[in-house]
Amino acid sequence: MEYFVEKNSVVRQIWGKGDTILFIFAGASAEFALNKAVDWLYFTGRLPADPLGRLFSTVEYARKIVFSEKQAAWRAIDAMAAIHAAVEAKRGSSIPDWAYRDVLFMLIDYSIRSFEVLERKLAETEKEEVFEVFYRVGYRMGVKGLPDNYKDWVIMREDHLQNNLQKSHFTTNLFSQYRKHLGIVRYRILLEAQALIVPGKVRTLLGFRKTSLLKPLLGVYKLSRFVNADKLLKALIMPSAYKSEIKALDSVTST
């Protein structure tokens, strides 16, 4: 059986651990709020109404692609494309190509950043592997203007960061929703995680400090994984209403 992502791929390592996925969400949730096309996420009303639920549905799609055999992955990608096409038809306009690229670029960037924060530095070939997986996702969805390789992506990613982000009333509203759904303590943890993981441009626009308070605690957290205390910590970080989803983050099949 041929899989969309090879069994020994670093992409499976990244998307097979709940803590790296939570950091990917932390970074993407910060950058999403700044994206000039964030109004598209407000069009259906689902994101501001349930930002955590949207996290887990997005994670489910990504994991389905990463851990599925090739044909099932194609079907999952086609389903995503169909959902977006339906939203475009309902609104009567098209999501900009650069906005599609931005989402793919975030998945690439925060996959790399999260793994490097929690595990180890990735080799250049491993970063190219991450790029290649999500390039295939974008290509299947028909996203135009994708870079051909990882080096070109690095250049284009920086250009997108400089030109496609702005702080707006959507930014303020979305962060208010994060606080509402997480509660004050968990919200503060989210902000510190975001400060730790996001690129400099995002950090500047959101007014984050250069150093996150979580950085000195990472060593303790890594040690906690050896005695399975990390599961308790993840349960404390996320609301109890999402216990099953949190547990599922680490429930990856070995296929």
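All values below were derived from every heavy atom in this structure, side-chain atoms included, with hydrogens, water molecules and symmetry-related copies excluded. Counting begins at 1 with the first residue of the sequence.
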Legend entry - R203 atom CZ, neighbour heavy-atom count above 12 within 6.0 Å: yes
Legend entry - Value rounded to 0.5 Å, distance of CD1 in I189 from CG in L213: 11.0 Å
Legend entry - Close side-chain approach of L196 to F208, heavy-atom, < 4.5 Å: no
Inset, instruction - Looking only at non-hydrogen atoms, find the nearest pair between S111 and V130 and report the distance. - result: CB-CG1, 4.0 Å
Inset, instruction - For N163 and D159, indicate whether the former's side chain and the latter's backbone hold a donor-acceptor pair under 3.5 Å. - result: yes
Legend entry - Which atom of I197 lies closest to which atom of R113, heavy atoms considered: O-CD, 3.2 Å
Inset, instruction - May I ask you to test the Q13-E119 pair for a side-chain heavy-atom distance under 4.5 Å? - result: no
Legend entry - Distance (rounded to the nearest 0.5 Å) between L205 CG and L34 CG: 5.5 Å
Inset, instruction - Please check if the side chain of E69 supplies one atom and the backbone of A72 the other of a donor-acceptor pair under 3.5 Å. - result: yes
Inset, instruction - Give the ring-plane orientation class for F134 versus W15, where under 30° counts as parallel, over 60° as perpendicular and anything between as tilted. - result: tilted
Legend entry - Y3 and S9, any side-chain heavy atoms less than 4.5 Å apart: no
Legend entry - Considering all heavy atoms, the nearest F131-P147 contact: CZ-O, 3.3 Å
Inset, instruction - Starting at NZ of K36, measure out to CZ of F170 and round the result to the nearest 0.5 Å. - result: 14.0 Å
Legend entry - Validation row: N149, D152 side chains within 4.5 angstrom (heavy atoms): yes
Inset, instruction - Establish whether W98 and L165 are linked, either directly or via other cluster members, by ILVMFWY side-chain heavy-atom contacts under 4.5 Å. - result: no
Inset, instruction - Please name all residues satisfying ring-ring contact (aromatic ring centres under 6.0 Å, His included) with Y110, sequence neighbours left out, ordered by chain then number. - result: none
Legend entry - Close side-chain approach of L206 and T171, heavy atoms under 4.5 Å: yes
Inset, instruction - Can you see which heavy atom on E88 is nearest to which on I95, and at what distance? - result: OE2-N, 2.7 Å
Legend entry - Stepwise side chain to side chain contact (heavy atoms under 4.5 Å, CB included) check, L146 with W153: CA-CA 8 Å; L146 292 173; W153 171 81; over 6 Å; no
Inset, instruction - Nearest 0.5 Å please: distance from the CG atom of D148 over to the OH atom of Y135. - result: 6.0 Å
Legend entry - Main-chain N/O of K144 paired to R101 side chain as donor or acceptor, under 3.5 Å: yes
Inset, instruction - Decide, yes or no, whether a salt bridge links R209 with E192 under the criterion of side-chain N to carboxylate O below 4.0 Å. - result: yes
Inset, instruction - Look only at the side chain of S29 and the backbone of A26, and say whether a donor-acceptor pair between them is shorter than 3.5 Å. - result: yes
Legend entry - Any donor-acceptor pair under 3.5 Å from E126 side chain to V10 backbone: no
Legend entry - Pairwise side-chain contact, I24 with I14, heavy-atom cut-off 4.5 Å (strictly under): yes
Legend entry - Heavy-atom closest pair, residues I65 and A76: CG1-CB, 4.0 Å
Legend entry - Listed partners of Y100 passing ring-ring contact (aromatic ring centres under 6.0 Å, His included), at least two apart: H84
Inset, instruction - On the 0 to 90° scale, with breaks at 30° and 60°, tag the Y178-F175 ring pair as parallel, tilted or perpendicular. - result: perpendicular
Inset, instruction - Would you check if L161 and E31 make a side-chain contact, meaning some heavy-atom pair closer than 4.5 Å? - result: yes
Legend entry - Distance (rounded to the nearest 0.5 Å) between Q162 CD and R157 CZ: 10.5 Å
Legend entry - Donor-acceptor contact below 3.5 Å, side chain E116 vs main chain L122: yes
Legend entry - Contacts of Q166 that satisfy side chain to side chain donor-acceptor pair (under 3.5 Å) - sequence neighbours left out: none
Inset, instruction - Write down the atom of G138, the atom of L104, and the distance for their closest heavy-atom approach. - result: CA-CD1, 3.3 Å
Inset, instruction - Rounded to the nearest 0.5 Å, what's the gap from NZ on K121 to NZ on K127? Could you check? - result: 7.0 Å
Legend entry - 4.5 Å side-chain heavy-atom contact, Y150 and I112: yes
Inset, instruction - Taking R136 for its side chain and F4 for its backbone only, find out whether a donor-acceptor pair lies under 3.5 Å. - result: yes
Inset, instruction - Examine M80 and F105 and state if one hydrophobic cluster contains both, with Ile, Leu, Val, Met, Phe, Trp and Tyr joined whenever side-chain heavy atoms are less than 4.5 Å apart. - result: yes
